[in-house]
Amino acid sequence: MTEPVVSPPAIDVLRAVEDRVLWLSSAIIHHANRVRPNPSGLKVGGHQASSASMVSIMTALWFNHLRPADRVSVKPHASPVLHAINHLLGELDASYLPRLREFGGLQSYPSRTKDPDPADYSTGSVGIGATAPIWGAVSRRYVDTKFGGAGTGRQYSLVGDAELDEGAVWEAVLDPGVAELGEIVWIVDLNRQSLDRVVPNIAADKLQGMFAAAGWQVIVLKYGRLLEELFTRPGGAELRQRIDAMTNPEYQRLLRCDAAELRRRLPGDSPAITALLDELDDTTLTDAIANLGGHDLTALDQAFAAIDDTRPTVVFAYTIKGHGLATKGHPQNHSALLTDAQMRELADRLGTDLDDPWRAFADGSPEQQLCRATAKRLRRPEIPAATPPPVPSDFGRTPTGTATTQAALGRALLDLTREAPDTARRVVTVSPDVSSTTNLGGWVNKVGVWSVQERPDWFADDSETILHWRERPTGQHIELGIAETNLVGLLGELGATWSRWGQPLLPIGVLYDPFVERALEPWSYGIYAGGQSILIGTPSGVTLAPEGGAHQSIKTPSIGLEQPGCLTYEPAFAIDAEWTLLAAMAQLGKPGGSSAYLRLSTRPVDQTLADVPADPAARERRRRQVVAGAYPLRRADAAAVTIAVMGALVPEALDAAARLDQIGVPADVVCVTSPDLLHRAVRARQGHERADTWILDAAFPADRAAPLVTVLDGHPHTLAFLATINRVRTTALGVTGFGQSGSLEDVYRHHGLDSDSIVRAALDVTG
């Protein structure tokens, strides 16, 4: 528990700051929509009502309770409140206040990487920003156990009540490890409204029970001091029962009533309530009906002081959407904007000026002193950033025999512990209960499983146990439940430790490739927020033939090509998997770094087909081409066709090329390892972006231009653009329908990926 920073005698000063935060947040949105020139006429937007419901909560938190080590995720639509507070604390120049949603100005929602003022977490994608502090807490603890210096501090989430509809929220809350994170505090803005309506039944009691069942402390902040005092008077018990029992829409309607209408509607059929209301003047009555705990600074102070740091806490703070504004409680106030007249009335009431909206507190005033003292208290020390250790580019080993790219992952991680132990120490792997089936077993046995506290391994002496589950704070593998959103949420935060605490990690998440799509949106948001990580999807494609359509990914290759802030690889051979993994790791944990997505396979492939050069210089040339996106695997004299193939289908492409040779159609085979990097090179050649283009000449030289067949275990459009490199005739083979169970031969034949199909396609395109 923490004591409030501001003493009770300063409550009037705190209220004055609260009023200024309300004004600034409203004026920021007003100026963007009604003052700033808008030649296009397009809606600018912003949410005055959603901001207003958070003003009291955020004022009490920032100016009375936050500590430097604490971090806060602010609900998306309250971003103007965050900007207002940052301005009062000297963290945001007034020149930015008129620039909400303007190019180069304040972002629509809090952004760690794009806003000019501090934001601890990027939010905007509903439910994802709310859960991010959970994974931030895990990441902080992980860094602290490994390297020290991450300190302590609470991780706050300011959550809109409608966000609790998101499945991502409950996936995170219900993860067993979360109950051990006492630094987690969620404050739910329970304003009972969504985008279009008053929610008929918010089921607050059920939500509170769900958090409690998950091991959370639940604090309910329903009524303010004025209502609580009225409840103690004669008729007060009946008044409480009446308000508690009414539906949300009925209560919201009362907020729009004047005193006379309240006296008619509120008592219902209770003479006791009528008598109680007769004792109140009109102002007290209208104030009382809106006197909820989420707007009572003293009640908020008491709730925050009661937080138990031994377990996660959720505070249900009842609020009014649009509190303090003319639009308060209206069911359609979500995107409503105050008129000029309403803004002037608000300015008069709050002691500000619409014509001078950014006017500061007077020098030496108690309010200015409080802002300066708060800024000084919350100032964080500069944390020097550690340089990521060098990642080897090649272990010097050439795989032989038959192997899979999935198995190469586990082998590469173990090789890293021997060849570069300092680098391996920075690796942390994450998976949703699929460690053994994704070939992480050896790695897990080597480094152990990370846990907040050490737990006994009851199967350590069982001779038949192959995967040893040693849980301890020094482990390097984190296992979550079957919840891909949790996995990538944690990946994003582990990938941001270099910018939070100066300690770069090399986070690698492994999941079944079909479920990359389920995880994509939160992983993408983690990348947007500055997290750098590697996501590995395996096994992939219809090559997982016996599993049927449900487990056969189709779109994931093009997802990797299209995802911003990420490079993608689909290696064909174990050596390609090793090289691309190491190259991806070298991009992590630093300014200007990048995330990566690797699509691996469980298909055993003859590794001699890779034909890795024995000469060191030639080997290095091959490695550079693999990492850059493609390499020539087979060159024919006077090639009549080029087969560009990716991943598991290389054996079929090579077989087809040999058969084409026999019938007088010489064929080149180019192994594509990254359609993403090749596409960037094409765009750079066209002048659309900056990227290296040499790989295009190395893999697809103009003097060998020939009709092109592209082949991959995924949607054919992923490689179709390759024909534009030399403007040749082309045909694209791939998967465009849901798969079926069967043998590899049957499934490939069904989708037109077998050697026969490639031969036919080559003859068609050359004919």
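The structure presented is a predicted model; accordingly, all values stated were derived computationally and were not measured. Atom set for the values below is all heavy atoms of this structure, side chains included, hydrogens, waters and symmetry mates excluded.
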**Item:** Working for salt bridge (Lys or Arg N to Asp or Glu O under 4.0 Å), residues Arg263 and Asp282
**Value:** CA-CA 9 Å; Arg263 295 182 193 280; Asp282 287 353; 2.8 Å; yes

**side chain to side chain contact (heavy atoms under 4.5 Å, CB included) partner of Ile289, the single match among Leu227, Leu262, Leu226** = Leu262

**Asked** Would you say the side chain of Val35 lies within less than 4.5 Å of the side chain of Pro98, judging by non-hydrogen atoms?
**Response** no

**Complete:** In short, ring pair (Phe, Tyr, Trp, His ring centres under 6.0 Å) pairs touching residues 111-133 with sequence neighbours left out are none

**Message:** Quick check: closest heavy atoms across Ser111 and Tyr528, and the distance to 0.1 Å?
**Reply:** OG-OH, 3.3 Å

**Worked check of side chain to side chain contact (heavy atoms under 4.5 Å, CB included) between Leu92 and Asp115** = CA-CA 10 Å; Leu92 180 66; Asp115 270 319; over 6 Å; no

**Item:** Qualifying residue, where the test is side chain to side chain contact (heavy atoms under 4.5 Å, CB included) with Phe316 and the options are Ile219, Asp161, Leu207
**Value:** Leu207

**Fill in**
Residues Thr131 and Ala168: closest non-hydrogen pair is CG2-O, 3.7 Å

**4.5 Å side-chain heavy-atom contact, Phe63 and Leu378** = no

**Request:** State, with a plain yes or no, whether a side-chain heavy atom of Trp186 is found less than 4.5 Å away from one of Val169.
**Result:** yes

**Request:** Determine whether more than 12 heavy atoms belonging to other residues, nucleotides or ligands lie under 6.0 Å from atom NZ of Lys114.
**Result:** no

**Message:** Please check if the number of heavy atoms outside Gln241 that lie under 6.0 Å from its CD is greater than 12.
**Reply:** no

**Prompt:** What residues form a side-chain contact (heavy atoms from CB on, under 4.5 Å) with Glu345, not counting sequence neighbours?
**Reply:** Arg349

**Item:** side chain to side chain contact (heavy atoms under 4.5 Å, CB included) evaluation trace for Arg154 with His65
**Value:** CA-CA 11 Å; Arg154 288 176 179 166; His65 284 273; 5.6 Å; no

**Message:** Suppose we screen for side-chain contact (heavy atoms from CB on, under 4.5 Å). Which residues come up paired with Glu367, at least two apart in sequence or across chains?
**Reply:** Val13, Ala16, Val17, Phe361, Ser365

**Fill in**
Taken to the nearest 0.5 Å, the spacing of Leu61 CG from Phe304 CZ works out to 5.0 Å

**Item:** Presence of salt bridge, Arg36 and Glu102, under 4.0 angstrom
**Value:** yes

**Asked** Can Asp355 and Arg344 be counted as an ion pair, charged N to O under 4.0 angstrom?
**Response** yes

**Asked** Yes or no on salt bridge (Lys or Arg N to Asp or Glu O under 4.0 Å) for Glu493 and Arg500, after CA distance, side-chain angles and deciding distance?
**Response** CA-CA 9 Å; Glu493 291 306 316; Arg500 291 196 192 279; 3.1 Å; yes

**Message:** Quick check for you: to the nearest 0.5 Å, what is the distance between Leu354 atom CG and Trp23 atom CH2?
**Reply:** 4.5 Å

**Request:** To the nearest 0.5 Å, tell me how far Thr327 OG1 sits from Gln342 CD.
**Result:** 7.0 Å

**Asked** Is a side-chain N or O of Ser524 found less than 3.5 angstrom from the main chain of Leu520, in a donor-acceptor match?
**Response** no

**Complete:** Those residues at least two apart in sequence (or on a different chain) that pass side-chain contact (heavy atoms from CB on, under 4.5 Å) with Glu171 are Ala483, Thr485, Asn486

**Prompt:** Side-chain contact, heavy-atom cut-off 4.5 Å: Leu106 with Pro116?
**Reply:** yes

**Prompt:** Going by heavy atoms in the side chains, are Phe231 and Glu238 under 4.5 Å from each other?
**Reply:** no

**Message:** To check you understand the geometry: which heavy-atom pair defines the closest contact between Lys328 and Ile320, and what is its length?
**Reply:** CB-CG2, 4.2 Å

**Message:** So, using side-chain contact (heavy atoms from CB on, under 4.5 Å) as the criterion, who are the partners of Arg311 when residues are at least two apart?
**Reply:** Gln217, Asp308

**Message:** For Phe211 and Trp216, take the angle between the two ring planes, folded into 0 to 90°, and tell me which bin it lands in: parallel under 30, tilted 30 to 60, perpendicular over 60.
**Reply:** perpendicular

**Item:** Test item: Thr113 side-chain N/O and Gly530 main-chain N/O as donor-acceptor pair under 3.5 Å
**Value:** no

**Message:** Once side-chain hydrogen bond (donor to acceptor under 3.5 Å, both in side chains) is applied, what residue pairs with a partner in residues 267-276 remain, sequence neighbours excluded?
**Reply:** none

**Request:** Please tell me if the side chains of Asn33 and Ile29 come closer than 4.5 Å, counting only heavy atoms from C-beta onward.
**Result:** yes

**Asked** What is the minimum heavy-atom distance between Ala317 and Ile57, and which atoms define it?
**Response** CB-CD1, 3.9 Å

**Value rounded to 0.5 Å, distance of NE2 in His77 from OG1 in Thr123** = 9.0 Å

**Prompt:** In Å, rounded to the nearest 0.5 Å, how long is the span from CD1 of Ile243 to CG of Leu254?
**Reply:** 8.0 Å

**Message:** Test side chain to side chain contact (heavy atoms under 4.5 Å, CB included) on Trp62 and Leu89; report intermediate values, then the result.
**Reply:** CA-CA 10 Å; Trp62 259 263; Leu89 299 182; 4.0 Å; yes

**Asked** Are Lys321 and Asp189 close enough for a salt bridge, meaning some N to O gap below 4.0 Å?
**Response** no

**Prompt:** Can you list the steps and then say if Val81 with Lys75 is a side chain to side chain contact (heavy atoms under 4.5 Å, CB included)?
**Reply:** CA-CA 10 Å; Val81 183; Lys75 81 169 190 177; over 6 Å; no

**Message:** Restricting to non-hydrogen atoms, name the atom on Met343 and the atom on Leu338 that form the minimum distance, rounded to 0.1 Å.
**Reply:** SD-CD1, 3.6 Å

**Message:** Does this structure show an ion pair linking Asp144 with Arg141, if we count only N-O contacts that are shorter than 4.0 Å?
**Reply:** no

**Prompt:** Roughly how far apart are Met58 CE and Leu66 CG, rounded to 0.5 Å?
**Reply:** 9.5 Å

**Message:** For the residue pair Arg112 / Ser499, report whether a side-chain donor-acceptor contact shorter than 3.5 Å exists.
**Reply:** yes

**Prompt:** So, does Arg101 use its side chain to make a donor-acceptor pair with the main chain of Val44 at under 3.5 Å?
**Reply:** yes

**Request:** Provide the closest heavy-atom pair for Gly136 versus Trp501 in the form atom of the first, atom of the second, distance.
**Result:** O-CH2, 3.7 Å

**Message:** In the structure I gave you, are the side-chain heavy atoms of Arg225 and Glu229 within less than 4.5 Å of one another anywhere?
**Reply:** no

**Asked** Does Tyr156 reach the side chain of Val74, with side-chain heavy atoms less than 4.5 Å apart?
**Response** no

**Prompt:** Would Arg265 and Glu250 pass as an ion pair if we require N to O under 4.0 Å?
**Reply:** no

**Asked** Hey, mind stepping through Glu18 and Arg15 against salt bridge (Lys or Arg N to Asp or Glu O under 4.0 Å) and telling me if it holds?
**Response** CA-CA 5 Å; Glu18 175 190 28; Arg15 287 198 185 102; 5.6 Å; no

**Expected output: side-chain Ser79 to main-chain Ser108 donor-acceptor under 3.5 Å** = yes

